[in-house]
Amino acid sequence: MGFQVAIDGPAGAGKSTIAKLVAKKKNFIYVDTGAMYRAVALFLLRNNIKAEDADAVAAACLNADITINYENGEQIVLLNGENVNSLIRTEEVGSMASAGSANPHVRAHLLNLQLKLAEQYDVVMDGRDIGTCILPNAEVKIFLTASSHVRANRRYLELKAKGIACDLNEIEEDIKKRDFQDMTRKHSPLRQADDAVLVDSSQMSIDDVVACLIQLI
Ligand code: DC
C-alpha cells in the first residue's frame, strides 16, 4: 500500500482541482473515481438502460469494462478500450452517474479498480465514499465542501467562460438535487468520515485549500 490521501465531498466543491494540484506537488497519482462512475453512466446512456432498472444496470456492469491509464500524469478512462475522457463531462452523464452509482453492483464493479490503484501507487483519490468505504485507513482524509450557492456560482462562471448559456438558479437546484441523491442513497452514501478533516472552501482560494492539504499530509 502506498500513501493514501482521501478527498470526499459534494459535487462542485473543487475536489478534482485540488486533488490534481496536491497530487502534482507530492508526486502522487490522482485517482478521479467520479470519472469511473461517469464512464459506466455513459455505457448506460448509450445502451438506453434506465438507472431505476436495477437488474439491467447490474447486467450492464458485466459488459462495461473500465480501465485506467496515466498519460503525462493525466488519468485516462477507458470504456471497453475507448478513451472516453472527453465524453463524460456533460450534465447528462453526471446525473446518470449520480443515479447509477446508487446501484451496489456498479459500486462493487469499480471497487477493485480503485483498490488496485491504491495498492500500486501513492494516491490522492477523490469521490464520495473514499474515506468512509474505499480507503478507511487512509493517512489523510479530507471532507471538502462549500455552500451550494458558492458551488453553483463556480459552475456558472466555468460554463459562462466556455460560452455556454446557463441559469444560476437552475444550476443551484441541480446541485442540491445531486447532493440529496448522493447523501441519501442506501449504499455508501456521501458523508464525512469520523476521522476526516472538514475543509469548507466557500471563502478560500484554491491556493489556500492546497496549502491546507499539503500541511495535513
Ligand atoms: O465527482 P463527479 O461529479 O464526477 O461524480 C459523479 C457521480 O458519481 C456523483 O454524483 C456520485 C458518483 N460517485 C460516487 O457515487 N462515488 C464516488 N466515489 C465518486 C462518484
Side-chain angles (χ1 to χ4, degrees), residues 4-20 22-23 29-45 51-52 54 57-58 60-61 64 66 68 74-77 79 84-118 123-136 138 141-146 148 151-152 154-156 158-159 171-193 196 201:
Q4 302 173 348
V5 180
I7 306 182
D8 291 302
K15 295 186 299 294
S16 62
T17 305
I18 301 299
K20 255 182 226 163
V22 170
I29 64 160
Y30 165 48
V31 183
D32 174 358
T33 63
M36 301 174 188
Y37 286 95
R38 285 170 181 268
V40 173
L42 180 65
F43 184 86
L44 297 176
L45 287 167
E52 305 79 56
V57 172
C61 287
I66 310 290
I68 298 292
E74 192 200 352
Q75 174 182 295
I76 309 288
V77 186
L79 167 61
V84 293
N85 271 32
S86 63
L87 305 173
I88 56 176
R89 292 295 149 202
T90 63
E91 297 300 326
E92 189 192 17
V93 171
S95 63
M96 182 54 128
S98 179
S101 64
N103 186 303
H105 291 279
V106 173
R107 308 204 71 79
H109 185 55
L110 299 176
L111 174 74
N112 282 339
L113 179 59
Q114 293 164 9
L115 289 181
K116 230 191 256 157
L117 289 166
V123 293
V124 179
M125 189 179 290
D126 80 0
R128 302 294 187 286
D129 62 339
I130 310 306
T132 50
C133 299
I134 307 296
L135 305 177
K141 294 184 188 178
I142 314 288
F143 193 81
L144 182 64
T145 189
S148 61
R151 288 185 280 133
R154 287 177 186 160
R155 182 80 187 132
Y156 172 76
E158 221 175 77
L159 290 170
I171 294 175
E172 188 168 352
E173 284 316 306
D174 279 354
I175 279 187
K176 284 183 179 165
K177 198 171 136 206
R178 184 107 82 87
D179 286 356
F180 182 80
Q181 199 160 268
D182 292 348
M183 292 165 86
T184 57
R185 69 180 180 216
K186 187 165 160 224
H187 301 281
S188 310
L190 168 66
R191 68 172 183 84
Q192 183 180 345
S201 74

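Counting from 1, the numbers follow the sequence of the chain as shown. We count ligands from 1, going down the list as the structure has it; atoms in each ligand are counted the same way.
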| task | Look at atom 4 (O) of ligand 1 and say which protein heavy atom is nearest, naming residue and atom and giving the distance to 0.1 Å. | result | R38 NE, 2.6 Å

| Flag, side chain of K141 to backbone of A6, donor-acceptor distance under 3.5 Å | no

| query | Considering only the protein, which heavy-atom contact is closest to atom 12 (C) of ligand 1, and what is its distance? | reply | S101 OG, 3.5 Å

| field | Passing candidate, side chain to side chain contact (heavy atoms under 4.5 Å, CB included) with V84, options I66, L79, V93 | value | L79

| query | Is T33 close to M125 at the side-chain level, that is, under 4.5 Å between some pair of heavy atoms? | reply | yes

| said: Please work out, at 4.0 Å between heavy atoms, whether the side chain, the backbone, both, or neither of R185 comes within that distance of ligand 1. | reply: side chain

| request: Could you tell me whether D182 approaches ligand 1 through its side chain, its backbone, both or neither, with non-hydrogen atoms closer than 4.0 Å? | output: side chain

| message | Under 3.5 Å between any N/O of K15 and any N/O of ligand 1: does that happen in this structure? | response | no

| So which heavy atom in the protein is nearest atom 7 (C) of ligand 1, and how far is it from that ligand atom? | A97 CB, 3.7 Å

| Top protein contact for atom 19 (C) of ligand 1, by heavy-atom distance | T33 OG1, 3.4 Å

| task | Please write down residue, atom name and distance for the protein heavy atom closest to atom 8 (O) of ligand 1. | result | Y37 CB, 3.5 Å

| task | Using a strict cut-off of less than 4.0 Å between a Lys/Arg side-chain nitrogen and an Asp/Glu carboxylate oxygen, indicate whether E91 and R155 qualify as a salt bridge. | result | yes

| request: Select one of side chain, backbone, both or neither to describe which atoms of Q181 lie under 4.0 Å from any atom of ligand 1, heavy atoms only. | output: neither

| query | Should D179 and R151 count as an ion pair when the cut-off is N to O under 4.0 Å? | reply | yes

| note | Correct closest heavy-atom pair for L44 and A60 would be CD2-CB, 3.8 Å

| message | Do the side chains of R128 and D8 get close enough for a salt bridge, i.e. N-O under 4.0 angstrom? | response | no

| query | Of all the atoms in ligand 1, which lie at a distance below 4.0 Å from a heavy atom belonging to G127? | reply | 17 (C), 18 (N), 19 (C)

| said: Looking at T132, is its backbone amide N or carbonyl O close enough to the side chain of D129 to form a donor-acceptor pair, meaning the two atoms are under 3.5 Å apart? | reply: no

| note | atom 9 (C) of ligand 1: of R89, R128, R107, the nearest heavy atom sits on R128

